[in-house]
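To keep things clear, I will list the structure first and then write my remarks on it.
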2 protein chains.
Amino acid sequence: MSRPKSYDRQEAVERACQAFWAHGYTALGVRALEQMTGLNKFAIRTEFSGKEGLYLEALRLYAERAAQFAVEPLKAGGLDQVEEFFQGLVGGSSPMSSRFGCLMVNTGIENAELKSPALEEVSTVYWSMLYRAFEAALQTGREDGALKRDLDLAEAAQGLVTAVMGIHTMNRVSGRDDGGAALVGLIRDLLASWRT
Amino acid sequence: MSRPKSYDRQEAVERACQAFWAHGYTALGVRALEQMTGLNKFAIRTEFSGKEGLYLEALRLYAERAAQFAVEPLKAGGLDQVEEFFQGLVGGSSPMSSRFGCLMVNTGIENAELKSPALEEVSTVYWSMLYRAFEAALQTGREDGALKRDLDLAEAAQGLVTAVMGIHTMNRVSGRDDGGAALVGLIRDLLASWRT
DNA sequence: ACACATTCAATACAGTCGTATAGATATAAA
DNA sequence: TTTATATCTATACGACTGTATTGAATGTGT
């Protein structure tokens, strides 16, 4: 009963995610977004209520993908899965590694002062999701008796999250999807030292 | 023979450094910079040849300070100094810790796509300076016989640099100058495991 | 074939960006 | 006191920002 949309919503969000990932939020203008997503200004407004709405949608997609591909295996597994997770942060064979770093890290740094409550929440939820996943994996390791008993689980999980940020940051700063490989190596050694 | 300047150059750069540190480059407009630095538009142009020139000056000051307060002790010391360095990245008593993270990390993430050769170089020089400092400290540790012989020094130094980025990033994302404390703890454990 | 509903393309808008310019101002030397 | 020089304040500029509006285009249902 009306003119069909000239774009595929899902694909548009996907492309927007990639675009924001590479260029950041502020630096990417609406007119550039049109080209990279196949959307038009009107659609950005009506479908996502503006640029920031599209950004939030892209962030949610990113978080969803990360939860699916990286975090779920973590919660189900133990120490080995933690090691695999870190391996996935570098190198070309993984969907979690990128020369542009991590969209959530980039967002957190760029918008630390933006004070958009919606952004703040997406970020917080994302990192606490990762924290709990590490916590669960370590807890599993402990219950399996694979982990030393004197390890502070909360500090370990939080420290791992921070290491993840470092790897992503180094990936972006170096412009290479394996820029953070050295820290992945150190984390592997650390995990080994935690094993019984 | 002319009207005296209404600002102190050194202090202006110092304030600009703080301002860019907190707000980033793009998000901080020239008109806001005037207020926060005590400079005026004319001075920004004549004294620093524009906003980007002032930014570079601020980055150089930041790098200089970091070299002086944090990196020099590293190059002169050994494993203990590496540990002290990481301790200095979190908590209120250190000039290297901040809830705004690290100016160089923020710059590297925000401007990964800016392609300003000058910025690129300042960043590269900074991180390789830190890398060499870690390398030197570890080398000293090795020569003192305090370090296990099978440790890959290059990977260790590069991994430590990446961990530093992670701590700064977590500081900024969490908005706390001790946000990265957990990873500092893990790094301390890791350093301990390297000792003979 | 026609009316209806929705999207599209193009343009307009007010606001901000960094920079450039011009007249007023302040100091030191003549 | 006058002159020269440099800095200050204020305004102007074109380019850009994200958003809003308007008439044309493109479908479906009658």
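Chain identifiers are assigned alphabetically (A, B, ...) following the order of the sequence lines, protein sequences preceding nucleic acid strands; residue numbering begins at 1 within each chain. Keep in mind that what you see is a predicted model, and the values were worked out from it rather than measured.
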* To do: Would you check, one step at a time, whether the test side-chain hydrogen bond (donor to acceptor under 3.5 Å, both in side chains) holds for Thr169(A) with Thr169(B)?
  => CA-CA 8 Å; Thr169(A) 299; Thr169(B) 299; 3.1 Å; yes
* Asked: Can you check the Asp8(B) CG to dT7(D) C1' distance for me, whole Å?
  -> 16 Å
* Asked: Separation of Tyr25(A) atom OH from dT17(D) atom P, in whole Å?
  -> 13 Å
* Sugar-phosphate only, base, or nothing, as touched by Leu33(A) at under 4.0 Å among non-hydrogen atoms -> nothing
* To do: May I have the distance from Lys41(B) (atom NZ) to dT9(D) (atom P), rounded to whole angstrom?
  => 10 Å
* Look at the aromatic rings of Phe134(A) and Phe85(A) and report parallel, tilted or perpendicular, splitting at 30° and 60°. => perpendicular
* Just how far, in rounded Å, is P of dT17(D) from CD of Glu52(A)? -> 17 Å
* **Nearest-angstrom distance from the residue atom CD1 of Ile44(A) to C1' of dT21(D)** => 16 Å
* Do the side-chain N or O atoms of Ser6(A) get closer than 4.0 angstrom to the phosphate oxygens (OP1, OP2) of dC8(C)? -> yes
* Quick one: the side chain of Arg3(A) and the base of dT7(C), do they pair up donor-acceptor inside 3.5 Å? -> yes
* **Integer-rounded Å distance: dT5(D) P and Lys5(B) NZ** => 17 Å
* Structure fact -> When Arg31(A) and Gly50(B) are each assigned the nearest nucleotide of DNA chain C, the 5'-most assignment goes to Arg31(A)
* What integer distance in Å separates Glu34(B):CD from dT19(C):C1'? -> 12 Å
* To do: Let me know, please, whether Pro4(B) or Phe42(A) comes out on the 5' side of the other along DNA chain D by nearest nucleotide.
  => Pro4(B)
* Structure fact -> Nearest heavy-atom contact between Leu151(A) and Ala156(A) is CD2-CB, 4.1 Å
* To do: Whole angstrom is fine here: how far is it from CG in Leu39(B) over to C1' in dT7(D)?
  => 12 Å
* Structure fact -> Of the listed dA26(C), dA9(C), dT26(D), the closest approach to the Asn40(A) side chain comes from dA9(C)
* Lys/Arg N to Asp/Glu carboxylate O, Glu57(B) vs Arg60(B), below 4.0 Å -> yes
* Asked: Judged by modelled atom types alone, do Tyr55(B) and Thr107(B) share a side-chain donor-acceptor pair under 3.5 Å?
  -> yes
